Visitor: 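Here you go, one structure.
Just so it is clear, the structure is predicted and the values come from calculations on it, not from any experiment.
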Amino acid sequence: MNHLAHCFLSFGDEETLIGNFIGDFVKGHNWQQYSKGIGRGVLLHRSIDAYTDQHAMTDRSVARVRPYAQRYSGAVTDILYDHLLTMHWKSYTSQPFDEFTKQTYAMLERNQAVLPERLQTSLPKMLAGDFLRGYSTREGMYFVMDRFSRRLPAGIDMKALLDNFFEQIDLFSEDFNGFFPDLIEYARGMGRG
């Protein structure tokens, strides 16, 4: 899962959200340098990623993406799933998307000083660009994927990948909706642990 899903799966808990948000930037046992709640969020992030990677419905989406993204298919699927979460938002929460993003941005801004340095630097731009909303539109997805592809070796045609994704959106939605309820239940269970 990518930024939006990780924030969503923090279920409104501020410290969990911060840990979940920084999870990719905290290596090894460095999560122990944070407060208990933030550390729990980092571990939740890792658990969410591991659970997602082994789910049968996710495997179907990854297989559809593989001809375009090769070994980056899992990471690309995570980004695509954030778009699908925005599409199916009302199936998973009664909280309006705008309210969720404002609440999330406020939490991130309040905790900017504890973020890893790279995120401290990029957070103002992310917030100014309303980065979570970027997952909700086709144009936003082309922008997100373009930014992502700049970190990859040449040869991955993100436009063709996204064109294919939008052509098969019903199949990807079926995969997502077969997977995401399981992930919510799993993440809630991890949060209680």
Side-chain angles (χ1 to χ4, degrees), residues 1-66 68-89 92-93 100 104 107-108 111 114-116 118-119 122-123 126 131-132 134-135 141 144-145 147-149 151-152 156 158 161 165 172-173 175-193:
M1 304 310 297
N2 209 47
H3 291 305
L4 178 61
H6 279 293
C7 291
F8 179 83
L9 294 168
S10 299
F11 306 110
D13 182 90
E14 189 156 334
E15 285 199 314
T16 301
L17 179 130
I18 299 306
N20 216 341
F21 184 73
I22 67 174
D24 285 332
F25 297 87
V26 179
K27 302 304 178 194
H29 291 284
N30 289 344
W31 60 270
Q32 295 173 338
Q33 298 172 2
Y34 293 92
S35 70
K36 184 178 178 182
I38 292 175
R40 187 176 56 245
V42 171
L43 296 178
L44 176 61
H45 179 109
R46 293 176 184 177
S47 295
I48 287 168
D49 284 354
Y51 184 85
T52 299
D53 290 346
Q54 60 82 39
H55 198 282
M57 297 305 278
T58 304
D59 287 346
R60 290 172 32 168
S61 293
V62 169
R64 270 191 222 98
V65 169
R66 189 165 285 114
Y68 301 93
Q70 297 110 34
R71 67 187 183 116
Y72 301 99
S73 299
V76 166
T77 300
D78 289 345
I79 297 169
L80 299 177
Y81 275 16
D82 270 8
H83 177 74
L84 294 170
L85 177 55
T86 68
M87 275 183 61
H88 302 287
W89 186 261
Y92 298 107
T93 182
F100 170 81
T104 300
M107 289 186 217
L108 292 172
N111 291 277
V114 301
L115 302 178
R118 185 170 154 202
L119 283 173
S122 60
L123 185 66
M126 293 170 77
F131 75 102
L132 293 177
Y135 297 107
M141 287 299 292
V144 168
M145 287 301 218
R147 302 286 296 180
F148 176 70
S149 69
R151 296 180 296 190
L152 305 179
I156 296 178
M158 286 297 176
L161 185 153
F165 169 69
F172 281 99
S173 288
D175 297 345
F176 177 79
N177 289 317
F179 152 74
F180 201 64
D182 293 346
L183 181 59
I184 290 173
E185 185 178 335
Y186 176 79
R188 284 197 191 281
M190 291 299 298
R192 288 190 289 268

Visitor: Please name the pair of heavy atoms, one in G19 and one in H45, separated by the smallest distance, quoted to 0.1 Å.
Guide: O-CB, 4.4 Å
Visitor: How about H55 and Y51: are their ring centres within less than 6.0 Å of each other?
Guide: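 Here the rings of Y51 and H55 have centres that are less than 6.0 Å from each other.
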Visitor: Nearest 0.5 Å, please: how far is CG in L119 from CZ in F25?
Guide: 4.0 Å
Visitor: Kindly give the heavy-atom pair with the smallest separation between H88 and S173, and that separation in Å.
Guide: NE2-OG, 3.0 Å
Visitor: Got L108 and F131 here, is their nearest side-chain heavy-atom distance under 4.5 Å?
Guide: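 Of all side-chain heavy-atom pairs linking F131 with L108, at least one is under 4.5 Å.
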Visitor: Roughly how far apart are N2 CG and D49 CG, rounded to 0.5 Å?
Guide: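 Interatomic distance, N2 CG to D49 CG, rounded to 0.5 Å: 9.0 Å.
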Visitor: Any heavy-atom pair between the side chains of L80 and M145 that's under 4.5 Å?
Guide: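 Sidechains of L80 and M145: in contact.
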Visitor: Under 3.5 Å, is there a donor-acceptor pair between the side chain of N111 and the main chain of M107?
Guide: yes
Visitor: Please lay out, stage by stage, how C7 and F100 fare under the test side-chain contact (heavy atoms from CB on, under 4.5 Å).
Guide: CA-CA 9 Å; C7 291; F100 170 81; 3.9 Å; yes
Visitor: Do any pairs count as a side-chain hydrogen bond (donor to acceptor under 3.5 Å, both in side chains) and have a residue in residues 73-87, sequence neighbours left out, and if so which ones?
Guide: S61-Y81
Visitor: With a 4.5 Å cut-off on side-chain heavy atoms, are F165 and L84 touching?
Guide: yes
Visitor: For Q33 and N30: C-alpha separation, side-chain torsions, deciding distance, then whether side-chain contact (heavy atoms from CB on, under 4.5 Å) applies.
Guide: CA-CA 6 Å; Q33 298 172 2; N30 289 344; 3.4 Å; yes
Visitor: State, yes or no, whether a side-chain contact exists between I79 and Y135 at a heavy-atom distance under 4.5 Å.
Guide: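 Counting from C-beta outward, I79 and Y135 do come under 4.5 Å.
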Visitor: What residues, two or more places apart in sequence or in another chain, satisfy salt bridge (Lys or Arg N to Asp or Glu O under 4.0 Å) together with R64?
Guide: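 Listed in chain order: D175.
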Visitor: Between H3 and F21, does the ring centroid distance fall short of 6.0 Å?
Guide: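 Yes, the ring centres sit under 6.0 Å apart.
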Visitor: Should the ring pair H29 and W31 be called parallel, tilted or perpendicular, given that the plane angle runs from 0 to 90° and is split at 30 and 60?
Guide: tilted
Visitor: Working to the nearest 0.5 Å, report the span between CG of L85 and CZ of F8.
Guide: 6.0 Å
Visitor: Could you pull out the closest heavy-atom pair between M190 and S47, with the gap in Å?
Guide: CE-OG, 3.3 Å
Visitor: Rounded to the nearest 0.5 Å, what separation is found between the CG atom of D59 and the CG atom of D53?
Guide: 8.5 Å
Visitor: Can you tell me if S10 uses its side chain to pair, donor with acceptor, with the backbone of H6 under 3.5 Å?
Guide: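 Side chain of S10 to backbone of H6, a donor-acceptor pair under 3.5 Å: yes, one is there.
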Visitor: Quick check: do D13 and L17 have side-chain heavy atoms less than 4.5 Å from each other?
Guide: no
Visitor: To check you understand the geometry: which heavy-atom pair defines the closest contact between E15 and S35, and what is its length?
Guide: OE2-OG, 2.7 Å
Visitor: I'd like to check I22 versus Y34 (side-chain heavy atoms, cut-off strictly below 4.5 Å). Are they in contact?
Guide: yes
Visitor: Would you check if M158 and L161 make a side-chain contact, meaning some heavy-atom pair closer than 4.5 Å?
Guide: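 Yes, at least one pair of side-chain atoms sits under 4.5 Å.
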Visitor: Side chains of L123 and L115: closer than 4.5 Å at any heavy-atom pair?
Guide: yes
Visitor: Got a donor-acceptor contact below 3.5 angstrom from the N20 side chain to the T16 backbone?
Guide: no
Visitor: Going through the distances and angles, do Y186 and L44 end up as a side-chain contact (heavy atoms from CB on, under 4.5 Å)?
Guide: CA-CA 10 Å; Y186 176 79; L44 176 61; 5.8 Å; no
Visitor: Quick one: CG on D24 to CZ on R118, what's the gap to the nearest 0.5 Å?
Guide: 9.5 Å
Visitor: Out of curiosity, I184 CD1 to L9 CG, how far, rounded to the nearest 0.5 Å?
Guide: 6.5 Å
